[in-house]
Amino acid sequence: FRKTPEGKKLIEEESHARGSGMLRGLGELANVSSRSLPTCTAEKFSTYYPFFPYQIHLIPEIVKSLRSKGGHGEQMSGSTRTLLAITQDILRSGRRRYLECEFGEIVSYDELYDNLASSEISPDVKTDISRIKETVPDATDLTQHVAEVLFLIRELPYIPRTIDNIARLLVQDTQDDPATLIARLQPELERLSKAGLVGRTGEEYEFLTGERRTFEEDVASIESDYRLQDLERGLVDEFLYSEGKARYRDWLDSNLVEYHNHEFPFRVSVDDHEIPGLKGDVRLRFSTPLSIGRVTLDDLLNRSLDAGNSQTIFFLCGRVNQFDTDLKRYLAMEETVRSWVGDPQKSEDARRLAEERRSDDLPKLRRRVLEGLREGIKSGQLVFKGQNRQLAIKPGTAPSKAMRSDMATFWPHLYPRFDRVPVRITADQRAIKDVLAGETSQTTQDVRSLKLFDKSGKIDLNCPLLDGIKMFLSSQQRDKS
């Protein structure tokens with residue numbers, strides 16, 4: 001990649017004109033985990049142009065993964081020679097004439113697929129990809145290039161296969177705009193997905209071949225059979241409560257409201273499903289994003305005025321894009337995984353794939369659903385006695401905590417006399433026994449706060465509690481008279 005003095009000057013001027021932030025936005029993949037890829041500094045950009053630095057770093061990794069999957073073994077001898085040969089071949093005889101290009105053009109990563117196709121790509125994959133423009137309706141060259149780069153990186157788990165990273169892999173010029181690229185890629189990914197060549201898990205895409213495609217077809221078949229009641233049941237089992245596990249704590253966190261330094265438990269029902277084992281005089285009736293369209297704010301305002309709901313607080317989640325779709329896919333994939341793992345007729349490779357889906361993809365999908373529930377809380381509304389209020393969420397505050405904090409504003413209406421009782425006894429039965437037995441040394445702090453005993457350890461007949469009891473009994477006696 002040695003540059004002439006004129007070429008080096010052009011690159012330096014381009015780096016300065018574009019700015020380090022813009023250049024890195026094009027030349028670095030986002031959210032890469034478990035390892036570090038080269039950054040796109042001005043110096044490294046100048047060294048590796050017309051490649052981005054990370055592209056050079058990934059070539060041996062991709063070749064190694066292809067050879068491993070193709071039965072060539074883990075060892076890759078001559079990796080440096082291979083890297084040099086591949087990059088020089090692309091520059092001399094790639095799909096575009098790079099040696100004749102104007103300055104600014106970048107090698108897009110579909111070139112790597114084209115270079116490796118004859119030696120490293122399996123015949124089945126080559127056939128599937130080469131026929132995309134014939135088999136996928138309205139497919140273009142870009143449709144095929146998207147499939148090619150997705151195939152290349154599918155065995156590199158540290159690279160998120162998100163649409164923004166796919167766009168970066170297909171950058172062709174330093175003047176490209178990432179947002180425009182993403183807008184162009186979205187319909188291409190949808191075409192490939194409808195054709196069964198690409199699967200989606202959360203925000204990530206995957207090129208499908210062999211067992212992977214069969215697995216995806218099974219997931220899609222189960223998804224198509226799901227009805228609303230199946231989603232409701234799945235939401236209860238996976239995200240509320242099942243097998244003795246309080247799964248609701250993953251997104252609701254707690255069923256306690258703090259008011260005047262005291263924690264009040266409340267019962268919870270979610271989409272009319274009561275969570276077992278919770279106690280409290282107040283009930284929260286929570287409507288998830290799954291209920292959007294069936295439950296409206298007007299419905300809850302009217303219900304909150306019923307006499308039977310005087311101790312009930314309603315919550316209506318805001319609309320969350322793709323929530324139903326994410327939940328459906330999670331449930332369908334979980335069911336498919338269980339089916340494949342438990343099927344003795346499945347091959348070892350098929351069961352291994354199902355286990356990979358269980359360890360890699362299911363947690364991602366579950367996080368998507370949990371994020372959807374939290375997002376629904378963030379944009380939701382509390383309803384109490386005919387009044388509704390949007391949550392007031394401070395930066396850095398968890399949505400569920402903000403909801404419980406706002407619920408506490410209703411406590412003066414639910415417990416209008418609570419602030420008149422400065423001391424609350426937690427273990428009241430034990431406290432009564434201790435006081436009647438004259439046990440002063442073992443009493444709890446809340447009992448000591450009542451100041452029942454004088455300095456000698458005897459009951460103080462003039463203490464505030466006894467004064468209050470006397471006044472109450474006196475007023476009761478007057479009422480009877």
With side-chain hydrogen bond (donor to acceptor under 3.5 Å, both in side chains) as the criterion, how do Y226 and E335 come out once you've worked through the C-alpha distance, each side chain's angles and the decisive distance to 0.1 Å? CA-CA 12 Å; Y226 275 161; E335 186 174 336; 2.7 Å; yes
Check [Y] with [X], please: is the shortest side-chain N to carboxylate O separation under 4.0 Å?
| X | Y | answer |
| --- | --- | --- |
| E61 | K64 | no |
| D237 | R233 | yes |
| E375 | K378 | yes |
| R352 | E348 | yes |
| D128 | R213 | yes |
| E204 | R367 | no |

Just by modelled atom types, is the [Y] backbone N or O under 3.5 Å from a matching donor or acceptor in the [X] side chain?
| X | Y | answer |
| --- | --- | --- |
| N165 | L29 | no |
| N388 | L297 | no |
| D177 | T180 | yes |
| R168 | G25 | yes |
| S108 | V171 | no |
| R351 | K346 | yes |
| R161 | Y205 | yes |
| E28 | C40 | yes |
| R154 | E206 | no |
| N255 | R267 | no |

What closest approach, in Å, do [X] and [Y] show between heavy atoms, and which atom pair accounts for it?
| X | Y | value |
| --- | --- | --- |
| C317 | I292 | O-CD1, 3.4 Å |
| G27 | Y54 | O-CD2, 3.2 Å |
| A408 | E258 | CB-O, 3.7 Å |
| S65 | E155 | CB-CB, 3.8 Å |

Tell me, do [X] and [Y] make a side-chain contact under 4.5 Å, heavy atoms counted?
| X | Y | result |
| --- | --- | --- |
| L331 | E238 | yes |
| L152 | L169 | no |
| V236 | Y241 | no |
| L192 | I132 | yes |
| E188 | H145 | no |
| V268 | R283 | no |
| M333 | T201 | yes |
| S287 | F314 | no |

Do Q172 and I106 pass the side-chain contact (heavy atoms from CB on, under 4.5 Å) test, and can you show the C-alpha distance, the side-chain angles, and the key distance before you say yes or no? CA-CA 5 Å; Q172 294 187 341; I106 296 291; 5.8 Å; no
[atom1] ([X]) with more than 12 external heavy atoms under 6.0 Å:
| X | atom1 | value |
| --- | --- | --- |
| Q387 | CD | no |
| K364 | NZ | yes |
| D306 | CG | yes |
| R249 | CZ | yes |
| K385 | NZ | yes |

Check against side-chain hydrogen bond (donor to acceptor under 3.5 Å, both in side chains), T336 and D218: CA-CA 7 Å; T336 305; D218 284 2; over 6 Å; no
Before giving the answer on side-chain hydrogen bond (donor to acceptor under 3.5 Å, both in side chains), spell out for D454 and S456 the whole-Å C-alpha distance, their side-chain angles and the decisive distance to 0.1 Å. CA-CA 5 Å; D454 58 22; S456 65; 2.7 Å; yes
Can L189 and I166 be said to form a side-chain contact (heavy atoms from CB on, under 4.5 Å), step by step? CA-CA 10 Å; L189 288 165; I166 299 169; 4.2 Å; yes
Output all residues satisfying side-chain contact (heavy atoms from CB on, under 4.5 Å) with I182, sequence neighbours left out; order by chain, then residue number.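 By the side-chain contact (heavy atoms from CB on, under 4.5 Å) rule, I182 matches I163, D164, A167.
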Just to verify, what does Q311 make a side-chain contact (heavy atoms from CB on, under 4.5 Å) with, not counting sequence neighbours?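 Per chain and number, Q311 pairs via side-chain contact (heavy atoms from CB on, under 4.5 Å) with D281, V282, L414.
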Tell me, which pairs form a ring pair (Phe, Tyr, Trp, His ring centres under 6.0 Å) where one or both residues lie in residues 366-404, sequence neighbours left out?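 Output for this query lists F384-F410.
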Partners of F239 by ring pair (Phe, Tyr, Trp, His ring centres under 6.0 Å), sequence neighbours excluded?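 Listed in chain order: Y330.
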Does the side-chain hydrogen bond (donor to acceptor under 3.5 Å, both in side chains) test come out yes or no for R24 and T41, once each step is laid out? CA-CA 7 Å; R24 294 181 72 167; T41 62; over 6 Å; no
Residue pairs, two or more places apart or on separate chains, that pass salt bridge (Lys or Arg N to Asp or Glu O under 4.0 Å) and touch residues 288-304: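 Those involving residues 288-304 are E232-R294.
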Show, in sequence, the C-alpha distance, side-chain angles and deciding distance for Y259 and F418, and conclude whether the ring-ring contact (aromatic ring centres under 6.0 Å, His included) test is met. CA-CA 9 Å; Y259 177 62; F418 185 80; 5.6 Å; yes
Could you walk me through whether K470 and D467 pass the side-chain contact (heavy atoms from CB on, under 4.5 Å) check? CA-CA 5 Å; K470 291 174 187 177; D467 281 345; 4.3 Å; yes
Report the residues that fulfil side-chain hydrogen bond (donor to acceptor under 3.5 Å, both in side chains) with S379, sequence neighbours left out, ordered by chain and then residue number.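 S379 satisfies side-chain hydrogen bond (donor to acceptor under 3.5 Å, both in side chains) with no residue once adjacent residues are dropped.
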Would you say the ring centroid of F286 lies under 6.0 angstrom from that of W251?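 Between F286 and W251, the centre distance is under 6.0 Å.
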Please confirm whether F52 and Y109 have ring centers closer than 6.0 angstrom.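 Centroid distance F52-Y109: not below 6.0 Å, so no.
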Checking salt bridge (Lys or Arg N to Asp or Glu O under 4.0 Å) for the pair R338/E334: CA distance, chi angles, key distance, verdict? CA-CA 6 Å; R338 279 191 283 108; E334 200 274 337; 3.0 Å; yes
Quick one, R358 with E355, criterion salt bridge (Lys or Arg N to Asp or Glu O under 4.0 Å). Give me CA distance, side-chain angles, the key distance, then yes/no. CA-CA 5 Å; R358 173 179 282 166; E355 291 290 0; 3.5 Å; yes
R285 and I313: CA distance, side-chain angles, deciding distance, side-chain contact (heavy atoms from CB on, under 4.5 Å) verdict: CA-CA 6 Å; R285 298 187 76 94; I313 299 172; over 6 Å; no
Does R357 count as lying over the ring of F215, i.e. NZ or CZ under 6.0 Å from the six-ring centre, within 45 degrees of the axis?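 Positive - R357 is close enough to the ring of F215 and near enough to its axis.
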